[in-house]
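All remarks here apply to the structure that follows.
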There are 2 protein chains.
Amino acid sequence: MSLHYAILGFLSHRPLSGYDLKKAFDGSVRHFWPADQSQIYRTLSQLEDRQLVDKAVIEQEERPDRKVYSITAEGQQELVEWLRSPLPMQDERDPFLVQVFFAGLLSNEELLEVLAHQKAEIEGKYELLRHIYQTSSEQIQEQQAGRASLITLLTAEHALVIGQAYLEWLDDLMARVENDDFTPKTF
Amino acid sequence: MSLHYAILGFLSHRPLSGYDLKKAFDGSVRHFWPADQSQIYRTLSQLEDRQLVDKAVIEQEERPDRKVYSITAEGQQELVEWLRSPLPMQDERDPFLVQVFFAGLLSNEELLEVLAHQKAEIEGKYELLRHIYQTSSEQIQEQQAGRASLITLLTAEHALVIGQAYLEWLDDLMARVENDDFTPKTF
DNA sequence: TGCTAATATAAGACTAATCTTATATAGGAT
DNA sequence: ATCCTATATAAGATTAGTCTTATATTAGCA
């Protein structure tokens, strides 16, 4: 469902084609809402059926026609209503945590390997996001872009804060595995 | 896919019926891998087809037959192999972050409301998990249960660490919204 | 007396998302 | 010469997970 609103969100800035939208997703929100190309096109035609977007066909001789979508007044209204509405929490689904939960079946060495792999993955994701955050925050500040642009940075900030905590937990855990000491902590 | 392995994981401790498994999921891993009752039964019969589990039918006069599943040698092997194997990272999907990303369309007051709601949700989840963590860590320590039991606590610990970071980010963000100051941070 | 919860299983329909494949062309790189 | 990338769209099949409904009985509560 959120894909509908994410698309409306992008279209609320400027009209875009399916192709443009795919690039917009990959370049900004993919770390918390990846979008499949095929699904974008399907969702666009659903939004069109519900008259939340308008389609403008721009004929091109050498390529398939560009179909540029723009948000309608109804679409804008539905988007803002959704943005305002408190959402029920999503349940998470993390196969890595399933591995950890049943890791009693592994030796400490095997467990350490799994943890080290996860650490590398999280670190990679973290570094990528840090780079994106830095360059785009500099860009936004140079251009003196407004409040709405600054707000888009907050999701990257969220990922960085969570990533840092994740890495601290992993480091602490790896140390405990090395000492073979799994004594519970207090919270 | 992880549901297959999570079921095998539970069955590696002791034989269980579909009904038992549903309770086991709800009581321990549901915060990172919720399982639908219907899906558990379907997955059990798939595992049976692949001979990773054995079914023992216990006839009951007054109720539907209890079908108790136990893990086979092949099942145990596949489980341990999976536990050892480094998994590709999952992409997240968080509608709340979609809201934040496009929150430029909301006023500061509206945004604060959305954030306050999320804070309450996260706090609720956090308190629940803290309670579960405390009681079950005490229980495990009293019973002098072994390494495998202590390891199951680590996933709750993970959720608590992440939850804390999440709440700190939210608090900081709410303060900034109140001051209408969205200046980027440095990471 | 009737309602609810617990025990126990499972099919059917549906939705969201992914993966694969198809069509069509231009321009640049090897 | 040939291959890859970018542009541009979209149907088809499949998978994982959810939601609804069905069946059947007992025990306890109000």
Side-chain angles (χ1 to χ4, degrees), chain A residues 1-8 15-27 29-50 53 55-69 82 87-95 98, chain B residues 1-7 10 15-27 29-50 53 55-69 82 87-95 98:
Chain A
M1 263 301 94
S2 296
L3 183 62
H4 289 253
Y5 297 107
I7 288 176
L8 290 176
L16 296 167
S17 70
Y19 189 80
D20 298 331
L21 276 165
K22 176 60 178 157
K23 281 187 295 179
F25 271 87
D26 287 349
V29 301
R30 85 156 303 162
H31 63 101
F32 57 89
W33 206 277
D36 186 75
Q37 173 261 115
S38 196
Q39 211 193 341
I40 288 174
Y41 284 102
R42 246 190 279 269
T43 304
L44 278 171
S45 51
Q46 286 166 26
L47 290 172
E48 202 196 351
D49 291 345
R50 296 177 50 210
V53 301
K55 177 164 69 182
V57 180
I58 295 171
E59 281 175 44
Q60 297 186 122
E61 268 166 38
E62 316 293 4
R63 290 182 195 164
D65 293 348
R66 257 178 82 83
K67 291 170 191 166
V68 177
Y69 293 86
W82 180 79
L87 301 176
M89 286 263 292
Q90 283 312 99
D91 352 82
E92 272 186 64
R93 245 162 232 293
D94 191 341
V98 178
Chain B
M1 264 302 94
S2 297
L3 184 61
H4 289 253
Y5 298 107
I7 287 177
F10 281 117
L16 297 167
S17 70
Y19 188 81
D20 298 332
L21 276 165
K22 176 59 177 159
K23 281 187 294 179
F25 272 87
D26 287 350
V29 302
R30 85 155 303 161
H31 62 100
F32 56 89
W33 206 276
D36 186 75
Q37 172 261 116
S38 197
Q39 212 193 341
I40 288 174
Y41 285 102
R42 246 190 282 268
T43 303
L44 278 171
S45 51
Q46 286 166 27
L47 290 171
E48 202 196 351
D49 291 344
R50 295 178 51 208
V53 300
K55 177 164 67 181
V57 179
I58 295 172
E59 282 176 43
Q60 299 187 123
E61 268 166 38
E62 316 291 7
R63 290 183 196 163
D65 293 347
R66 256 177 82 82
K67 291 170 191 166
V68 176
Y69 292 86
W82 181 79
L87 302 176
M89 286 263 292
Q90 283 310 100
D91 352 82
E92 272 186 62
R93 243 162 234 293
D94 190 340
V98 178

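Every chain is numbered from 1, with letters handed out A, B, ... down the list of sequences. Below, each value reflects all heavy atoms present in this structure, side chains not excepted, and no hydrogens, waters or symmetry copies.
- Shortest non-hydrogen contact noted between A/L3 and A/F25 is CD1-CZ, 3.6 Å.
- In this structure, the CG atom of B/L47 is 12 Å from the P atom of D/dA16, given to the nearest Å.
- Of the side-chain N and O atoms in B/S17, one or more sit less than 4.0 angstrom from OP1 or OP2 of C/dT9.
- With sequence neighbours excluded, the residues forming a side-chain hydrogen bond (donor to acceptor under 3.5 Å, both in side chains) with A/R50 are A/E78, listed by chain and number.
- Between D/dC19, C/dT9, D/dA10, one nucleotide has an atom nearer to the side chain of A/Y69 than all others, and that is D/dA10.
- With hydrogens and angles left out, the side chain of A/S38 and the base of D/dA11 share a donor-acceptor pair within 3.5 Å.
- For B/K67 and C/dA8, the NZ to C1' distance is 9 Å, given to the nearest whole Å.
- Atom P of nucleotide C/dT18 and atom OH of A/Y41 are separated by 16 Å, given to the nearest angstrom.
- A donor-acceptor pair under 3.5 Å is formed between the side chain of A/Y41 and the backbone N or O of A/Y19.
- Along DNA chain C, the nucleotide closest to B/G18 and the one closest to A/M1 are compared, and the more 5′ of them pairs with B/G18.
- Listed pair A/Q39 / C/dT18 meets the phosphate criterion, a side-chain N or O lying under 4.0 Å from OP1 or OP2.
- No N or O donor and acceptor, one from the side chain of A/S45 and one from the base of D/dA10, sit under 3.5 Å apart.
- The CZ-C1' distance, from B/F25 to C/dA8, rounds to 17 Å in whole Å.
- Atom CZ of A/R30 and atom P of C/dA17 are 14 Å apart (whole Å).
- OP1 or OP2 of C/dT7 sits under 4.0 Å from a side-chain N or O of B/Y19.
- Considering only side-chain N and O atoms, A/R66 lies nowhere under 4.0 angstrom from the phosphate OP1 or OP2 of C/dA24.
- When the P atom of D/dT9 is taken as reference, atom CG of A/D36 falls 15 Å away, rounded to whole Å.
- Taking atom CZ of B/R42 as the reference point, atom C1' of D/dT15 lies 12 Å away to the nearest angstrom.
- No donor-acceptor pair closer than 3.5 Å links the side chain of B/K22 to the backbone N or O of B/S17.
- Note on A/R66 versus A/D20: salt bridge recorded, some NZ/NE/NH1/NH2 to OD/OE distance being below 4.0 Å.
- Distance A/Q37 CD to D/dG12 P: 15 Å, rounded to the nearest Å.
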